[in-house]
Amino acid sequence: MRTKLLLIGVAALLAGCATTPAFRYQVPDQPEGSSGYAEKPGWSTQRFAVAAANPLATDAGYQILRAGGSAVDAAIAVQMVLALVEPQSSGIGGGAFMMHFNGAEVKAFDGRETAPAAANEGLFLGLDGKPMAFYDAVVGGRSVGTPGTVRMLEMVHRQYGTLPWATLLEPAIVLAESGFKVSARLNTLLKTEVHLKKDPVAAAYFYKPDGTPHDVGYVLRNPALAAVLRKVAASGSKALHEGEVAQAIVNKVRQHASNPGQLSMADLADYKAIKRPALCHDYRANARDYRICGFPPPSSGAIAIGQILGILNQTNAAQLPLENGLPSAPWLHLYTEAARLAFADRAQYLGDPDFVTPPAGSWLSLLNPEYLAERGRLIGQAPDAPSMKTAKPGTPKGTPTAFAPMPEQIEYGTSHISIVDGNGRAVAMTSTIEDAFGARQMVNVQPGLSGGFLLNNELTDFSFAPRDGAGLPVANRVEPGKRPRSSMAPTLVFDKGTGAVLMSGGSPGGALIIHFVAKTLYGVLNWGLTPQTAINLPNFASLNGPTVLEDKRFPATTIDTLKARGHEVREANMTSGLQAISRSPNQARPAWLGGADPRREGIVMGD
Ligand code: GLU
């Protein structure tokens with residue numbers, strides 16, 4: 001994938017930026033990808049691999065790995081480049097979850113945004129006491145949570161970084177100053193975006209004077225972001241969370257003309273990333289035993305995926321192979337029924353663990369095999385058994401709950417990075433500013449320079465309605481300092497016997513992340529597909545309502561069979577952004593197989 005490396009005046013561009021002799025960033029050729037469905041070859045590598053949603057970001061990680069950087073080092077470089085080239089999805093104004101395996105143990109690093117200390121459960125209620133319309137809440141300062149991505153990366157780097165922190169920011173700084181070509185996907189999203197232009201900083205950066213977005217291939221420079229990244233390179237997260245950059249963030253949020261927020265300098269200064277135990281469970285497929293590790297609450301991702309896979313293993317799903325390369329109607333019935341059960345529990349129980357008590361005293365109660373067997377018995381398995389349509393939450397160990405269920409809400413945006421390095425370490429990191437272009441607020445610290453960085457709207461991942469009609473609180477309601485519930489599901493899979501890491505994967509897509517990742521895991525572990533073929537499979541989902549199928553990817557017979565069993569089938573665009581790397585099953589070379597979603601611009605690189 002790496003052609004015509006172009007060495008530009010790196011030394012001059014890096015003046016003022018700490019460098020090491022071991023690493024010299026080389027700006028690669030910049031391809032112009034497609035923004036629709038573009039077939040990808042699938043990749044294989046022998047020693048290490050990096051997969052990300054944009055070729056420039058993947059390349060930055062690749063160069064870091066080649067220079068001897070760790071998986072964490074590469075992830076930092078990838079993330080900083082993504083902030084520049086995929087600003088709609090993630091960045092230094094957002095939050096992220098990283099799963100990390102150091103060769104011996106797996107940990108979860110939480111850089112999720114927090115609600116300001118001044119926020120309360122009425123944050124998204126209008127004057128009439130009713131939940132606000134989604135975009136009325138999103139656009140402006142109200143939805144902005146305290147960013148956590150940089151603090152989290154700094155925390156992980158202190159433990160697992162090999163190259164100096166400043167070195168890892170070089171690719172993003174060089175590209176921000178020399179410019180990157182606007183990709184087809186960024187251009188397409190800018191064309192359909194209606195709120196971003198209302199922010200004068202964003203309008204001047206992303207759009208031409210006539211209001212149309214910069215063309216595909218236009219070389220866009222972001223010197224204002226480069227200036228902030230230089231500060232972060234020199235002083236770490238302090239440069240973002242204190243001083244003039246923090247003040248610029250706070251001003252942007254609090255001084256919004258029509259929809260101000262409450263973020264304060266103290267919120268930024270006090271933000272702490274958290275190292276959590278990974279949430280792991282056993283999984284058996286094709287007579288092999290795996291250990292699947294994902295992100296614990298505040299994400300609902302790992303628990304929901306674990307429930308779906310665990311419940312499916314209580315049914316005859318394993319006897320239902322792909323038909324003509326596609327999941328069959330009987331399998332989709334079982335899958336979506338398991339999903340309904342999982343999403344009912346998700347709505348009932350999941351929230352920030354620092355605020356919400358888990359059912360029966362442990363989140364693992366939701367993955368207990370006996371509980372999953374009990375849930376699985378609710379699924380009709382006879383060939384004509386009807387769909388349950390809507391599932392009710394269960395009660396693990398019979399414990400009653402103190403919470404009201406949360407209604408499903410819209411979620412979008414986000415980016416996923418998977419990396420394995422040459423020393424047995426692995427990363428799965430999903431990073432977000434929530435909706436596409438977040439809160440549509442671009443922070444610029446030096447008005448003389450163009451560009452800046454976008455702020456998240458992560459607080460709209462909280463339940464807008466804090467209580468049900470009877471006054472019972474929703475677990476995921478807004479509370480000061482709390483992290484909103486997430487669906488992000490960065491996942492690492494291990495061989496249960498040897499402990500070797502076998503797979504890293506994840507996706508953007510809001511609540512659908514859970515289904516995108518479950519599909520990919522099932523495809524690789526149960527159906528024996530390569531990551532690329534598993535990612536290519538059409539998407540399918542249920543959020544405890546209709547059965548949703550990726551538009552025009554399933555035959556009419558499948559849809560008719562599901563309808564005959566009472567499924568309300570809807571076809572929809574389901575733009576996953578999966579990236580996955582898995583160990584080649586036959587032990588022979590190549591050691592790693594990589595896949596990137598044909599629905600977006602990602603690629604995999606490695607040696
Ligand atoms: N904000 C969402 C979450 O954390 C992710 C949004 C998306 O991927 O589209 O679950």
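Whatever order the structure lists ligands and atoms in, that order sets their numbers, starting from 1. For clarity, every value in this text was computed on a predicted model and none was experimentally measured. Worth knowing before you read on, the calculation uses all heavy atoms, side chains too, and leaves out hydrogens, waters and symmetry mates.
Thr146 and Asp267 are not linked by any side-chain donor-acceptor pair at a separation below 3.5 angstrom, with hydrogens and angles left out of the test. Side-chain contact, Thr533 with Asn536: no donor N or O sits under 3.5 Å from an acceptor N or O. Inspection of the Ser415 and Arg600 side chains reveals no N or O donor paired with an N or O acceptor under 3.5 Å. For Ser143 and Arg440, the side-chain atoms include no donor-acceptor pair closer than 3.5 Å. Under 3.5 Å, the side chains of Ser504 and Ser418 contain a donor-acceptor pair of N or O atoms.
At a 3.5 angstrom cut-off on N or O pairs, Gly509 counts as close to ligand 1.
When heavy-atom distances to ligand 1 are checked against a 4.0 Å cut-off, Arg485 has no atom that comes that close, whether in backbone or side chain. Contacts of Ile513 with ligand 1, taken as heavy-atom pairs under 4.0 Å, involve the side chain alone. Contacts between Arg112 and ligand 1 below 4.0 angstrom, taking non-hydrogen atoms only, involve the side chain exclusively.
Those atoms of ligand 1 with a heavy atom of Gly510 less than 4.0 angstrom away are 6 (C), 7 (C), 8 (O), 9 (O). Below 4.0 Å from some heavy atom of Thr414 lie the following atoms of ligand 1, by number and element: 5 (C), 6 (C), 7 (C), 8 (O), 9 (O). Atom numbering of ligand 1 starts at 1 in the shown order; those under 4.0 Å from a heavy atom of Glu458 are 1 (N), 2 (C), 4 (O).
Within the cation-pi definition used here (under 6.0 Å to the ring centroid, within 45° of the axis), Lys482 does not qualify as a partner of Phe462.
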